[in-house]
Amino acid sequence: MLRAVGRGIRRQIVRRSSGVRLTSGAPRIPWLCPSPYVYHKPIRWSSSNARAISLPSETPPKHTDRSYSTAAAALELEDIDTSAIFPPLRRDAAPYSIPIEPLEPLDPSQLLVFEPPAAPEEKCMRKSTAGVSSDKAEVLATFNACIKVGVLARAQLMLEQITKNCIEERDTVVLVDAHNIFLKALLDQYSDSGNLSELKVFFMWFENKMRVEYSIKGDATTFALLLKGSLNIPAAEASKRYLAEYINLWRYSGRNIVDVLESAVLNNEEVLKIAKICHLRIGELSATCREMMKEQRKSRLEPPILAVPDAKPTPVKGPGLAAVKSSLRSLIDPDHMPFQEYDINLNDKEFQIERQKLLEEHAFDSARERWKRDFESLSERGVIKQDAEINSLLWEWHQALVPLIHEELKRVQHAEESGTKAAGAVDRCFYGPFMRVIEPEKLAAITIIELLRTHTLNGVGAGLKASRAVLQLGREVELEYQAQEVAKQRGEGFFANMSKAELETIFRDRSAFRNLISKSKSASDLDFEEIPEWPNTVKVKLGGVLISMLIHVARIPVEAAVPGLTEGTESSEKIVQHLPAFQHCYEYQRGRKLGVVKLHPELVKRLGTDDLNFTAIGKSLPMVVRPLPWTDWDEGGYFYTRSKVVRIRESVEQRQYVKAAAERGHLDHLFAGLDVLGRTAWRINRRVFDVVLEVWNQEKAFAKIPALNPDINFPLEPEPNADPKVRWEWAREMKRVNTARKNNHSTRCDVNFKVEIARAFLFEEFYFPHNIDFRGRAYPIPPNLNHIGNDLSRGLLMFSEAKEVGETGLRWMKIHLANLAGYDKASFSQRVAFTEENIENIHDSAENPLTGNRWWLKSDDPWQLLASCFALNEALSLNNPHEYKCHIPVAQDGTCNGLQHYAALGGDVAGARQVNLEPSDLPQDVYTGVAELVKASVELDAKRGLPAAVALKDLVTRKVVKQTVMTNVYGVTFIGARNQIENQLKCIESLDQKDIPALSLYLTKKVFDSIQEMFTGASAIQDWLVTCAKRISRSVRPNQLEHLKDPKTGEDSVHFMTSVVWTTPLRLPVVQPYRQVASAAISTNLQTVYINDPYVIDKVDSRKQMTAFPPNFIHSLDASHMLLSALNCDASGLTFASVHDSFWTHPSDVDEMNRILRDSFVALHGKDIIENLKAEFEERYKGFRTLVKVIANTPCGKRIKLARRNYAIENLGRPKLTAVEDLQWELKRWALMQSHDHDDRKIAAEMVTPSVILEKYGGLKVNELAENTGKLGLSVNDYGSPSLGDQSGDEGSIVDQEDILGPAEESDDGYEESAPLDEDMVLGGMEEGSRMLGTAGDEDIDLDDASTKKRSRARKELDEDGNTIPRDNGSAKGTLKPKQAHIATLNVWVELKFPDLPPKGLFDVNLLRKSEYFFS
Amino acid sequence: MTAASIFRRSADESIAHLRSLISPYALSRRSKLPPSLVNWQICDPIMDKLNLLAYKKTTIIDMNPNLGVFSAALHERLQPKQHILLEPEEFYGDRMREFQKTYKNSWYIPLDGYDWNTYNQLFSDNPPPPPWPDNFPKPRIQATTSPDDVNSDLLFVGHMGKSEKSERLIAQFINCCALGTWIQQYGRVRFLLWVPDSIKDRYLPRSIASRARPAASAEAVVDITEVASSNVIRTGRGFQKLPEINPDNVEVEEKRLTSIKPQERKVKIKKKLVIRQKMVEDEIKKLVAELCPGLTPTTRGRPKKLPSKEQKKLEETRARVRELVEAIRNEEPILPASIPCKERVTVLNRCDEIRRRFEHKKGAEEEAEKIP
DNA sequence: GGATTCTCTACCGACAATATCATTAGGTATTAA
DNA sequence: CGAATACCTAATGATATAAGTAATAGAGAATCA
């Protein structure tokens, strides 16, 4: 069995490995070198890979990898119970034996490393000649599309361009693949037509083009095709000759014919035929080959499709297509009760799979059918048009759109054939092939649905951004195409024809499933490794055409009164006009032009009121069966709809890393975790749904559902001649009201969608496939309605499975209810008491949700509360409430989860207590804690009579500081925090509004100080992270110097291209995508659209890299924690769902889940995360050089200046040194130091570069300009060596030349010289922390930190030099205001090293195992 | 040379010196700050041209007077009842204080003319808060009997920069004219503003094509005229509105070319040399065609071969013209003397035109008179 | 390379400005040698 | 055929657009000489 698997996958993996161009793999075509994108180091195959390539003849792989080996063993040995294909619980047979521990950090040699280009790449030149672009991705996609629709002439054009590109880029893999695909297409064409001249073309292509013109030798597949072609030659003699010729040619290049015969292109009969004709001895066929033949006859595991590649789809088994369709009617037709017509067993998985397939494949068809039905029934009834359901309108649009598309396709064909350069013709050549791959009817439906959907999701009131709409539509079309392709690959019977055992396997054993998929890929047809993605150019152009056609066609009946005879009156007569439903125009936003597609107000109104009836629900719906397990970076979840496991933002870099990680099996735990999330079954809470529906139809504002026509208080317009300021304030208020109204409407549309989806799935059990963002946080893929949505979404959803609550469960239900009611800060027993006190209210809410006293509406989360009320009420109405079977999930939320991780990392005792890491009788609340601290400090100030403090004395509340504390984790800046606090203070009436800016400024300082005081260690870590990110993002790779030439100017220049990359405990490589964006213009029928060009890797945005790193890192941790917990919960048989830092399970399982959460957290932090991070950084950025700022006005700085000057004069004949030259100097020394030659090293030792001088004077710790200290305080540079010096004694005197040039052993001399100790400056980390605690508020010391002092010291020196004249800062402002004392700095290239880790606090994570309120 | 001397308009205060008083950044092309008039000699011709006779005992609101050169001239000419200098930049503080000392009835208020509050404080009935001096006499402006009359009790002058702020402010001014709000409630109050070309072009477009919304809407409510502009050649299409004041005198905030040493310029121009080669060639061709009629090709293709003598003449002419055109392009102040007299005339006749082609654009101000 | 001014200001899911005119580069047609 | 020229077009770069910024402060990036 395994052998069979092995054969299928072998080719796959080999191709794949060359697909990422490993340096270790020899390029297939000798004259081509590997591409510049290479792994930093040769790969060591991980065990999982080794298993994957193991040859069939070998014994099964060693059980190095626990999870897989057990699964594989299970596959063979287990006696599978056919009745339990998808057991709801797998407690007994845990499918993945995941260690509870997070993974060990990667061996350094296993780190994934990709080098970004040395300089910003040039924007893709889209030089197009005769409609052939030179953009590789674009041509590739076009080529693919042309092949799919059989337009070979055009495909050939594309192929020629691809060949050019590939040869330039030395991309041999794609090159050969493309030619193979083309050959295959030619051959297929011949088989269809039987026209001999076509066969000739086939051979000519290989002989003339490939071999002669391009010198492509071809791979096994090429030759397999050639053999196949030769077989097809009718004349037996010729056929034989050709065969012999090609076999010889192949052998001549020293390769084994077996490889060719094993190719999936040739089926067994053909192989045998060839063997016979050419007298290949059977012995020459490899064991694999023979084995293969035997197996194919009696294969049990392999679906038939694998045995016969061209197999016709087998008829659907089971209840039949009609039944499946009928069962989905409920999704289309709200009046239809499913499952009534057929006797269907809902547990029949094959049936369910068919349904899912249908759902994905025919979502658009279904919508169309529904429109048509509505339209027809309407005509029968003869209803007046403008009252018609929106669906019939859509049907009209659709009917009008289809002929237009046909017409356009004709024009495309004309354009392609004529080859004119007429306006539009060139564009048509671009998008034409892509337009053809999907049938016009479907295309029309997608257009209509997507435009409406995009409007509800992102619309700005009556319009939506054209650029957005166009791209979105293009993307959706692509998605549909991909689904089509996947469906084709997997064939009709891919799932349906599997035996139950195989079906079982899919969900049990990832690797087995993976093999199955790759087999289906290789067997179905010759194809690219992955379906080429459509470039944005294509998507946008295609979207543009479709939308402009829809705009042209779509009309909406609008009723209007005919004006009366006299002016200003209306006659009672009404007329109906058919007005354009959409309109394209431009708006100005802050003086910038913005293309907008506007919807007619009537249409907008309809979208907010009409039943959408599945009108506009496209793809990405919840699934009716369990999502497929993730097997690759783009394989998993939906059956046919392709989704990526990581939501990469069109970043090539991220994709590289994720792909490589997936390939090496690093992501398997992550996949497993996501699978767990995906297999949580949900259903709609019917009772809540009914209430929602009722409320919805009332069209009034209720429980966060906005009213259809909200009463809006438009501010009174002031007199036209009022003061401009007054008028302006009015205008601003109007703007605010208007945006509020727009928001109101779009929320309403959103609710409409949610309700509609809920209605469609009312009788279903469904699942959310999940993927992750680039940090690893998981999100359900279906938009609109999912459990991380708003309160309404959450209220509508519940677990499909019900579990008996038992005693503890009931208690948790009560606690949960109290939480939802806002009573979540008390102890558990108090919360229970709260619920019990409110039992009447709960009863009332449940019994009469709308007519009673509506207690549930008071909550911030009314719908979830209502759901809880229903459940609890029901439970309590039982004789024995403990027997209640509960569907409602109970949520456990971390108290400021980010801070929890920070506190654990930093070992902050006080902080840990505040975020409930420490056991406590009562839950702690950080916000209150910080507020108290601030309050104390303010009161102290008030006593001293500080006016701001006096004003604020009694106003410091939890509410005021909450947002700031929360966002602190996200790196909020001082100003940002000040704004938050200002907004809070504005709500306090007793304050004079005029004073608020000043007060908020004061208070913000206090809040920042308090946070820092409470989370000392955390703050230090935050700063450490920032410093690391800063150094990384301002660093260059050593070999980057070879490509210093700026492509644009041709001059030498240094570009910072390094982004921060790290690996999470679950081995996800995280790449921060922040770079400067290059935007590209794409002209469409509608307008020119400007989008970011994803293909260029540009300079890093170092600010963003810096500010985002700490939150991203923490998020990557909490994501790991979540997935770890998910795996463990699953292993214990719990149903599990999560919203990042909120974890859900059945009431009865909450205790168990909490235990798991705590254990996972401890396990995660049990490893020294930060230490590992540092180690990874050191490995990853080994030898990099970074540019640091050094205070210039010190002996050290002066020496550097002098040395630079001397060097420049000596070597360049001028006194100045450019940054590049400086770097080259440093690198020269560095290179010499690495040399094996003793003399070289000696020379290096004698070189005195700026970095050497810096080192001599105590290095960065002493001399670096302290920065990024504003946020949480301490500069990282202040840890470690207490050698902070005041050089006043040396002021102005430049150290002797000999001293610098002297032998290296004098180094401590320089050190000493620069470091006469100044008591004030000696601040160790711990001392610092404790001192601050003790002296907070003491004016003399005043929380000043060493870095500030360093700054002030530098300033002082400046003053002494007389460079800056202190000015009184009057009311001057603007650019000419007196300058701040400016600190002169020098830039020095130093080796990229990372600061010492801040000392960890004393908190022991293990304590938290007993902390009840850790998550609550 | 004291700061005060300029206010007495002694001729010994050179323009160069005045320029040196401005912060270097404000002089740089990147600056969007309100620029400052330094050529005090043109103030009189400008005011001669403006009919200011009606402005007796008037109140002047002076926004961003900066160095105060224009303000001083205006003050001397009008002898206003009150001259309010709204200058928020502390940088000019000393000079403003000097101004206040020199000219009676002038009040230096370090507030921003952009802020509505400034005017609210000025016109409200309450005594104005601190930055305004205690003894500040409030202007009592009488509204004209008809809102269509020009109010000669009030005159608004100022320097506007290229900043977004300035642009917005002018848009607001016009809006106020339309609504009759703000100081326009007192009747039609005239504005006398120095504005950058970019702003002027918006309201006084140089071609039909560039006449966009702001121009149209402004025309509906205000009269805008260009009073004086620098002798800078304007780029782009559209007609060239020639300065109406003696162009040689209107030297506004421009860095003199003479201050740049030749070597430095070469470095700076280097890019242009490469970039605008085509333009130079085109100009040369045109000029050579003019200078050597009959020798230049008239047909499309390859030119006929000329007798070597004529060929040589052509080459020489071309070389000289090249020198000349490149000089113009390089903004060299003195044209090379290598060209014979007759030709020189021809070339110089077209000099302006060529200059315009090379758009020697500097930060220049326009003075626009607005008569609401 | 240094001083000065400009920009931006909380993470993620989530994603975006365009038309127009001036100028040049580069290809094609045209002509004469 | 190559050579020299004009003409034409696609590609690139610069600029305008709207029109209250409101006021905080500090670090990093960009820009100019």
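Proteins get letters first, then strands, A, B, ... in listed order; numbering begins at 1 in each. When reading the values below, keep in mind they use all heavy atoms of this one structure, side chains included, and skip hydrogens, waters and symmetry mates.
Comparing atom distances between the A:D773 side chain and each of C:dA32, C:dG13, D:dA18 picks out C:dG13 as nearest. If you check D:dG28, D:dA16, D:dT24 against the side chain of A:K1030, the one that comes closest is D:dG28. Each of C:dA17, D:dA16, D:dA27 was ranked by its minimum atom distance to the side chain of A:R1103; first place goes to D:dA27. The side chain of B:Y114 has D:dT21 as its nearest neighbour among C:dC12, D:dA25, D:dT21. Taking every side-chain heavy atom of A:S467 into account, C:dA16 is the closest of C:dG13, C:dA16, D:dG28. Between C:dC15, D:dT17, D:dA19, one nucleotide has an atom nearer to the side chain of A:R475 than all others, and that is C:dC15. When the nucleotides C:dC11, D:dA19, C:dA17 are ranked by their closest atom to the side chain of B:R213, D:dA19 comes out on top. The side chain of A:K1201 sits closest to C:dG2 out of C:dC11, C:dG2, C:dT18. Distance from the side chain of A:T973 is smallest to C:dT9 among C:dT9, C:dC11, D:dA19. The side chain of A:F774 has C:dC12 as its nearest neighbour among C:dA19, C:dC12, D:dT24.
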Begin from the C-alpha positions of B:E281 and B:K285 and carry the test salt bridge (Lys or Arg N to Asp or Glu O under 4.0 Å) through to its verdict. CA-CA 6 Å; B:E281 297 304 329; B:K285 258 175 229 162; 5.9 Å; no
Determine whether A:N1112 and A:H1115 satisfy the following criterion, side chain to side chain donor-acceptor pair (under 3.5 Å), listing intermediate values before the conclusion. CA-CA 5 Å; A:N1112 283 342; A:H1115 283 325; over 6 Å; no
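Between the P atom of D:dT21 and the CG atom of B:D115 lies a distance of 13 Å, rounded to the nearest Å. Remark: C1' of C:dA10 and CZ of A:F1113 are 19 Å apart, rounded to the nearest angstrom. Put simply, OH on A:Y1090 is 13 Å from C1' on D:dT17, counting in whole angstrom units. A:K593 has its NZ atom 17 Å from the P atom of D:dT15, to the nearest Å. Computed from coordinates, the A:Y970 OH to C:dT9 P distance equals 18 Å when rounded to whole Å. Between the CZ atom of A:R592 and the C1' atom of C:dT18 there is a distance of 10 Å, given to the nearest Å. Residue B:N175 contributes atom CG, which lies 9 Å from atom P of D:dA19 at whole-angstrom precision. Whole-Å rounding puts the A:K1104 NZ to C:dT9 P distance at 8 Å.
Both A:H1115 and B:K305 sit near DNA chain C, but only A:H1115 has its closest nucleotide nearer the 5' end. Residues A:R777 and A:V1089 both approach DNA chain C. Their nearest nucleotides, taken by heavy-atom distance, put A:R777 toward the 5′ side. Residue whose closest nucleotide on DNA chain D sits further toward the 5' end, between A:K735 and B:A212: B:A212. Each of A:G591 and A:I975 has a nearest nucleotide on DNA chain D; the 5'-most of these lies closest to A:G591.
Searching all strands for a Watson-Crick or G-U wobble partner of D:dA22 with both distances below 3.5 Å returns nothing.
At the phosphate of C:dC15, neither OP1 nor OP2 sits under 4.0 Å from any side-chain N or O atom of A:K465. In terms of phosphate contacts, A:R647 brings a side-chain nitrogen or oxygen within less than 4.0 Å of OP1 or OP2 of C:dA14. Phosphate contact (OP1/OP2 of D:dT24, side-chain N/O of A:Q980, threshold under 4.0 Å): absent. Listed pair A:R732 / D:dA22 meets the phosphate criterion, a side-chain N or O lying under 4.0 Å from OP1 or OP2. Considering only side-chain N and O atoms, A:Y1074 lies under 4.0 angstrom from the phosphate OP1 or OP2 of C:dC12. A close approach under 4.0 Å does occur between a side-chain nitrogen or oxygen of B:K285 and OP1 or OP2 of D:dA6.
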Show the distances under 3.5 angstrom between N or O atoms of the protein and N or O atoms of nucleotides 29-31 of chain C.
unit_1, atom_1, unit_2, atom_2, d
C:dT31, O2, B:R302, N, 3.1

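At least one donor-acceptor pair closer than 3.5 Å links the side chain of A:Q1072 to the backbone N or O of A:Q1105. Between the side chain of B:S166 and the main chain of B:G161, a donor-acceptor pair closer than 3.5 Å is present. In this structure a side-chain-to-backbone donor-acceptor pair under 3.5 Å is missing from A:Q1087 to A:H584.
Side chains of A:L1003 and A:L985 form a contact here, defined as non-hydrogen atoms less than 4.5 Å apart. Counting only heavy atoms from C-beta outward, the side chains of A:R1204 and A:L1386 approach each other to under 4.5 Å. Put simply, the side chain of A:L1187 does not reach to within 4.5 Å of the side chain of A:L1223, judged on heavy atoms.
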Pair pattern of DNA chain C in dot-bracket, where unpaired bases get dots and | marks partners in another strand, Watson-Crick or G-U under 3.5 angstrom: .||||||||.......|||||||||||||||..
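Taking the six-membered ring where tryptophan is involved, the planes of A:F1113 and A:F1109 are tilted, since the angle between them lies from 30° to 60°. The aromatic rings of A:W1225 and A:Y1207 sit parallel to each other, their planes meeting at less than 30°, with 60° as the upper class boundary.
Counting non-hydrogen atoms under 4.0 angstrom, B:E167 reaches a base of the nucleic acid. Base engagement by B:L169 is indicated by at least one non-hydrogen atom pair under 4.0 Å involving a base atom. A:Y586 comes within 4.0 angstrom of sugar-phosphate atoms only, judged by non-hydrogen atoms across all strands, and of no base.
Not a single salt bridge (charged side-chain N to carboxylate O under 4.0 Å, His left out) links A:E729 to another residue, sequence neighbours left out.
For the C1' atom pair drawn from D:dA18 and C:dT18, the interatomic distance equals 14 Å after rounding to whole Å.
Ring centers of B:W182 and B:W116: under 6.0 Å apart, within the cut-off.
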